[in-house]
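Structure first, then comments.
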Amino acid sequence: MWFCEKVAQCRGIEAPKTRGKADAAYDAVVQLLYSYGLVPGQQLSDAELSAKLNIGRTPVREALIRLAAEGKVISIPHKGYFTRPLTDRAIANSYAVAREILAFALARAEPQARYQTAPSEALSSAGPARRAEAIFTEIGQRASNCEMCKIIDKFCFCTHPLRVEITASEHSHSFGRSLATLQDAMTQLGKATSVVQSALMSHLDFERRALTHVVQVMNGRSLNAYLYSEQFMSVQR
């Protein structure tokens, strides 16, 4: 279900030259979810997503099915699709796997053209988060291993709401400094692996430490939204 844009150079096969409507719908849904400000455990309405994207509900449903197959969202029979819930154990496991995969990817990275710093996005809380994820993705792609890219892609997608929350919290300045250090180190990718790895692991450790408070805030927000909706429904009855 997951398609790597660099599959040709990774596996020596010809990649599809064009992408169909289903792929376009998938890309649109993913981009919307990245910017949607969703909280953990929130239901994803295909009707609402369809209206926001001006895309038919069928391709939106197909996109959600694909996201569920990739492990990026949760599918619950007879209830629908939901953003992934947050628990300390799940987060710890996610970061532990990411550390191992990214470290292994660094060891496989080949010297290539000079690393280009990810372009600045719109001045929003999501900008720094996406720049960090662009670095993680770049490291995975340099290893030319589709399975590594797949794992890193899922890690970036599933932890994106956390990263956005960090950059909008009191940890914002520290996140920026850590990210700047990592971006500077990335100029040594393929040359001085230890420099990049040190900066990368320091940044991942920073994110992991900041998450304890962030998760409490996000889960609290999710609970309040749920209680409000239940109260609203009871009034309507």
Side-chain angles (χ1 to χ4, degrees), residues 1-4 25-50 52-53 60-102 125-126 128-130 132-137 140 147-169 171 175 203-230:
M1 300 298 292
W2 184 83
F3 176 74
C4 173
Y26 172 85
D27 292 342
V29 170
V30 167
Q31 290 304 313
L32 180 62
L33 293 182
Y34 263 122
S35 61
Y36 205 16
L38 297 174
V39 297
Q42 183 172 333
Q43 186 168 15
L44 298 170
S45 165
D46 57 3
E48 187 174 350
L49 292 173
S50 174
K52 285 183 175 292
L53 293 169
V60 168
R61 289 194 197 100
E62 292 175 350
L64 291 173
I65 291 171
R66 180 172 167 185
L67 285 166
E70 294 173 352
K72 295 177 180 177
V73 301
I74 300 295
S75 174
I76 301 179
H78 310 298
K79 291 188 177 181
Y81 296 91
F82 298 79
T83 54
R84 297 186 68 87
L86 297 177
T87 64
D88 286 339
R89 169 180 275 185
I91 293 170
N93 289 342
S94 181
Y95 272 84
V97 170
R99 284 175 61 94
E100 291 186 10
I101 293 297
L102 287 167
S125 59
R130 294 300 294 272
E133 291 151 12
I135 290 176
F136 303 153
T137 299
E147 288 305 312
M148 288 185 185
C149 289
K150 180 178 179 180
I151 294 170
I152 294 170
D153 178 66
K154 178 182 175 182
F155 168 71
C156 291
F157 184 90
C158 294
T159 56
H160 177 74
L162 299 171
R163 207 164 284 111
V164 170
E165 194 73 22
I166 291 174
T167 61
S169 71
H171 302 289
F175 184 96
H203 183 78
L204 290 172
D205 287 343
F206 166 78
E207 287 191 5
R208 181 66 186 92
R209 288 193 303 270
L211 288 179
T212 300
H213 172 69
V214 166
V215 169
Q216 291 176 350
V217 171
M218 294 184 74
N219 283 337
R221 188 185 305 150
S222 180
L223 177 61
N224 289 336
Y226 171 78
L227 293 176
Y228 176 81
S229 64
E230 285 295 297

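All figures in this text were calculated on a predicted structure; none of them were measured in a lab.
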*asked:* What verdict does the side-chain contact (heavy atoms from CB on, under 4.5 Å) test give for F155 and E133, after you've listed the backbone C-alpha separation in whole Å, the side-chain angles of each residue and the deciding distance to 0.1 Å?
replied: CA-CA 9 Å; F155 168 71; E133 291 151 12; over 6 Å; no

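- Between the CD1 atom of I65 and the CD atom of E62 there is a distance of 6.5 Å, given to the nearest 0.5 Å.
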*Yes or no on side-chain contact (heavy atoms from CB on, under 4.5 Å) for L67 and F157, after CA distance, side-chain angles and deciding distance?*
CA-CA 10 Å; L67 285 166; F157 184 90; 4.3 Å; yes

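- Atom CZ of R84 is separated from atom CD1 of I74 by 4.0 Å, given to the nearest 0.5 angstrom.
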*Chi angles and distances behind the side-chain hydrogen bond (donor to acceptor under 3.5 Å, both in side chains) call for Y26, E70*: CA-CA 12 Å; Y26 172 85; E70 294 173 352; 2.5 Å; yes

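- Atoms CG and CZ, on L204 and R209 in that order, are 10.5 Å from each other to the nearest 0.5 Å.
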_CA sep, side-chain torsions, deciding dist, call: V97, I151, side-chain contact (heavy atoms from CB on, under 4.5 Å)_ = CA-CA 9 Å; V97 170; I151 294 170; 4.0 Å; yes

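- Side chain of T83 to backbone of Q42: a donor-acceptor contact under 3.5 angstrom is found.
- Of all the heavy atoms in A68 and Y81, the pair that sits closest is CB-CE2, 3.9 Å.
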*For E207 and Y95, what are the C-alpha separation, side-chain angles and deciding distance, and is it a side-chain hydrogen bond (donor to acceptor under 3.5 Å, both in side chains)?*
CA-CA 9 Å; E207 287 191 5; Y95 272 84; 2.6 Å; yes

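- Of the possible donor and acceptor atoms, one in the side chain of H160 sits under 3.5 Å from a partner among the backbone N and O of Y34.
- Expressed to the nearest 0.5 Å, how far CD1 of I166 lies from CG of L211 amounts to 4.5 Å.
- Although no hydrogens or angles enter the test, the distance criterion places no donor-acceptor pair under 3.5 Å between the side chain of T159 and the main chain of L162.
- Here the shortest heavy-atom pairing between L32 and L53 reads CD2-CG, 3.8 Å.
- Atom OG1 of T167 is separated from atom CZ of R163 by 9.5 Å, given to the nearest 0.5 angstrom.
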*Please lay out, stage by stage, how K72 and D153 fare under the test side-chain contact (heavy atoms from CB on, under 4.5 Å).*
CA-CA 9 Å; K72 295 177 180 177; D153 178 66; 2.4 Å; yes

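- The aromatic rings of H203 and F136 sit tilted, their planes meeting at an angle between 30° and 60°.
- Side-chain N or O atoms of S94 include none that pairs as donor or acceptor with a backbone N or O of A90 at under 3.5 Å.
- Between the side chain of S50 and the main chain of A47, no donor-acceptor pair closer than 3.5 Å is present.
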